[in-house]
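Here the structure is laid out as structure tokens; the discussion comes afterwards.
To find a chain, count down the sequence lines: A is the first, B the second, and so on, and within it residues start at 1.
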2 protein chains.
Amino acid sequence: MKHDHEGILKRVRYDLPTDEVLTDLSSLFKLFGDTTRTKILFSLFESEMCVCAIAELMGMTQSAISHQLKVLKDANLVGFRREGKTVYYFLADDHVCKIIISGFEHLLEERK
Amino acid sequence: MKHDHEGILKRVRYDLPTDEVLTDLSSLFKLFGDTTRTKILFSLFESEMCVCAIAELMGMTQSAISHQLKVLKDANLVGFRREGKTVYYFLADDHVCKIIISGFEHLLEERK
DNA sequence: CATTCATATGAATATCTGTTCATATGATAG
DNA sequence: CTATCATATGAACAGATATTCATATGAATG
């Protein structure tokens, strides 16, 4: 690191969010960084669903889905309501949609 | 999976993107799902930078940064230009910004 | 052309992550 | 209260991922 770039560093450091914010941000994106979770979120985009419906839709174990729903729930990306034995999950708010859509638009752009 | 939900499944299946698209989408988000990469992208948001400046900024090895830049480069999130011995990296397009910002807005909302 | 600087890359390692399996919880029906 | 259905959860395992270390490449300089 012999050549100088203190000027730039100073400016960038000034504008850079805190490590805490950056960590939170990447933790958020990490949630979308798994096909199973993305697919779950996309499904809920359309309609609330019970755990076993999601499992059937995705051709996966109820357990696997349940684990992932826990992850999404802990991050407040989904909510749920109980109806008898069945638990229905739904998208918590439409920021989720916006984030996914912003990624989607990038993909579409890439493919032009 | 004893109770019925074929109606919902049919509808959701119809609207769900293909597995290929879902995989691409989560691969994209996975790129933002790491603090080091998010921080790099944020830095470049402000200004193009050479590898060793980024390394210094982040208090990390040149090698570690270089590996991550390769990941971002392979995904076309960053571009680079060479100037003598130095290589400058910059954001490839502003979809990157939009994606990060959409995540950012979610965080801000969460903290209200 | 030998040396130095800036960056890239391959292999190894340690950590993290997602799924599976077995089992637990919690609700309803009989 | 027992059986069954729907879901949750803990432990274990396999695969993915990020960093480190050593080394390679490639450009400029004398």
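Between the C1' atom of D/dT25 and the CZ atom of B/F80 lies a distance of 14 Å, rounded to the nearest Å. Atom C1' of nucleotide D/dT7 and atom CE of A/M60 are separated by 16 Å, given to the nearest angstrom. Rounded to whole Å, the distance from CE on B/M49 to P on C/dT7 is 12 Å. Residue B/Y89 contributes atom OH, which lies 9 Å from atom P of C/dT7 at whole-angstrom precision. Going from atom CZ of A/R81 over to atom P of D/dA6 covers 16 Å, rounded to whole Å. As a whole-Å value, the separation of B/I54 CD1 from C/dA6 P is 14 Å.
The stretch residues 26-35 of chain B comes close to DNA chain D through B/K30, B/D34, each having a heavy atom under 4.0 Å from the strand.
For B/D19, the side chain to side chain contact (heavy atoms under 4.5 Å, CB included) partners two or more places apart in sequence, or in a different chain, are A/K39, B/L22. Looking at residues two or more places apart in sequence or on another chain, you find a side chain to side chain contact (heavy atoms under 4.5 Å, CB included) between A/E6 and A/D4, A/L9, A/R13, B/E56. In this structure, the side chain to side chain contact (heavy atoms under 4.5 Å, CB included) partners of A/T23, at least two apart in sequence or on a different chain, are A/S27, B/T35. Residues passing the ring-ring contact (aromatic ring centres under 6.0 Å, His included) test with B/F42 are B/F104, sequence neighbours excluded. Partners of A/S66 by side chain to side chain contact (heavy atoms under 4.5 Å, CB included), not counting sequence neighbours, listed by chain and number: A/Q62. Shown here are the salt bridge (charged side-chain N to carboxylate O under 4.0 Å, His left out) partners of B/K70, two or more places apart in sequence or in another chain: B/D74. Residues passing the ring-ring contact (aromatic ring centres under 6.0 Å, His included) test with A/F80 are A/Y89, sequence neighbours excluded.
OP1 or OP2 of D/dT20 lies within a sub-4.0 Å distance of a side-chain N or O belonging to B/T61. The shortest distance between the side-chain N/O atoms of B/Q62 and the OP1/OP2 oxygens of C/dA6 is not below 4.0 Å. Contact between the side-chain N/O atoms of A/R37 and the OP1/OP2 oxygens of C/dT17 is not found at any separation under 4.0 Å. Residue B/T86 has no polar side-chain atom (N or O) positioned under 4.0 Å from OP1 or OP2 of C/dC5.
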Which atom pairs link the protein and nucleotides 24-30 of chain C when you take only N or O atoms and keep those under 3.5 Å?
none

N/O to N/O distances under 3.5 Å, protein versus nucleotides 10-13 of chain C:
unit_1 : atom_1 : unit_2 : atom_2 : d
C/dG10 : O6     : B/H67  : NE2    : 2.7

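Within the 4.5 Å cutoff, the side chain of B/L44 has heavy atoms near those of the B/I40 side chain.
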Name each donor-acceptor pair under 3.5 Å that joins a side chain in residues 90-98 of chain A to protein atoms two or more places apart or in another chain, with its distance.
unit_1 : atom_1 : unit_2 : atom_2 : d
A/D93  : OD1    : A/H95  : N      : 2.7
A/D93  : OD1    : A/H95  : ND1    : 2.9

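The stretch residues 44-53 of chain B participates, sequence neighbours left out, in these side-chain hydrogen bond (donor to acceptor under 3.5 Å, both in side chains) pairs: A/R11-B/E46, B/E48-B/R81.
Under the side chain to side chain contact (heavy atoms under 4.5 Å, CB included) rule, B/S102 has a single partner from A/I99, A/I100, A/L28, which is A/I99.
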